[in-house]
Amino acid sequence: MNIFVTGASGLIGGTVAARLIESGHAVTGLIRDESRAGALSGLGIEPVVGTLDDAESLARLARRADAVVNAADSDHRGAVETLVTALAGSGKPLLHTSGSGFVATGTTGERSEDVFGEDALAGWVPDHPVRAARVAIDRLVLAAAEQDVRSVVLCNSLVYGQGRVPGRQSVLIDALIRQAHSDGVVRHVGAGRNIWSNVHVDDLADLYALALEKSPAGTFYFVESGEESFGAMASALAGALGMPAPRPWDPSSPGNLWDPGFAAHALGSNSRVRGARARDLLGWSPRHHSVVEWIAGAGLRAAAP
């Protein structure tokens, strides 16, 4: 197939695009930064410079393709509306990338026992406008099945691993690494007992390929293959970086490299999900199950300060 991928220079979009190339597909990748065009070309991806706000160009590229993977921005409603309209009546696949942060439970570093299954989206009432907007977009994508679009939402948990486009890392782990290099010690919010489900980017890319091939229309997937506390991840990072044992940090403390809201709602929260549909419907079988093992192993060695 000829596949159009937005966010093709990112951790998810770039790795998915490279995986699809390896499966024999032709991929056109939308990027904002022309300087990354060479990296995409090296992976066999045809780069197109543009933005999600260019509705005319976005629609043209979507209509020209046999399938669309939206991996640029989970929260850009205008782009989703453009893609749905462009593909309506075509029966083509539209894979939309979302994130499990919409079920995150803020506990300032304490453990939560709340675990969410894939039926959560149907009746979910978000407690924050940003989360409400994301849930509305996910529902919009799923509803596109009624317009003869083979629409799918892949709601990823914490993504780790090395991206296929150089320099692309996990957003949350990268935040811990940057702070550690700035402060000389790895930090976690509060006690660090808070837990996030997670998935290796290579396993995630395998799932996108499977969903593109055979996912039923209007299907929502939580994407996860394990879970871990931020305290355990911070300890593994300290070992990998040759730093002392991690220390707790109040998100509102002076000198905090993190934005206090980001620290409290991402690094200090729990996002525990369970995804059965990918395994049951698509036969997905992830190979990686421990972010701590990845951090302690060769995977982190290329992480830049």
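As a basis for the values below, the full set of heavy atoms in this structure was taken, side chains included, without hydrogen atoms, waters or symmetry mates.
- Ring planes of Phe116 and Trp124: perpendicular class, angle over 60° (limits at 30 and 60°).
- Sorted by first and then second residue, the pairs that involve residues 184-197 and meet salt bridge (charged side-chain N to carboxylate O under 4.0 Å, His left out), not counting sequence neighbours, are Glu110-Arg193, Asp183-Arg187.
- The pair Glu228-Arg272 does not count as a salt bridge, with every side-chain nitrogen at least 4.0 angstrom from each carboxylate oxygen.
- For residues 195-205, every residue pair satisfying the salt bridge (charged side-chain N to carboxylate O under 4.0 Å, His left out) rule, not counting sequence neighbours, is listed here: Asp203-Arg287.
- No side-chain heavy atom of Val27 sits under 4.5 Å from any side-chain heavy atom of Glu46.
- Residues forming a side-chain contact (heavy atoms from CB on, under 4.5 Å) with Val159 (at least two apart in sequence, or on another chain): Leu11, Ile12, Asn156, Val199, Val201, Leu204.
- Ionic pairing of Asp138 and Arg134 is not present here: no N-O contact between side-chain nitrogen and carboxylate oxygen is shorter than 4.0 angstrom.
- Using a 4.0 Å cut-off between charged side-chain N and carboxylate O, Arg36 and Glu34 make no salt bridge.
- For the pair Leu20/Tyr208, no side-chain contact is recorded, criterion being any heavy-atom separation below 4.5 Å from C-beta on.
- Taking 4.0 Å as the cut-off between side-chain N and carboxylate O, Glu224 and Arg279 count as a salt-bridged pair.
- Relative ring orientation between Trp294 and Tyr160 is described as tilted, the plane-to-plane angle lying within the 30° to 60° band.
- Salt-bridge formation is not detected for the pair Asp73/Arg32: no Lys NZ or Arg NE/NH1/NH2 atom is positioned less than 4.0 Å from an Asp or Glu carboxylate oxygen.
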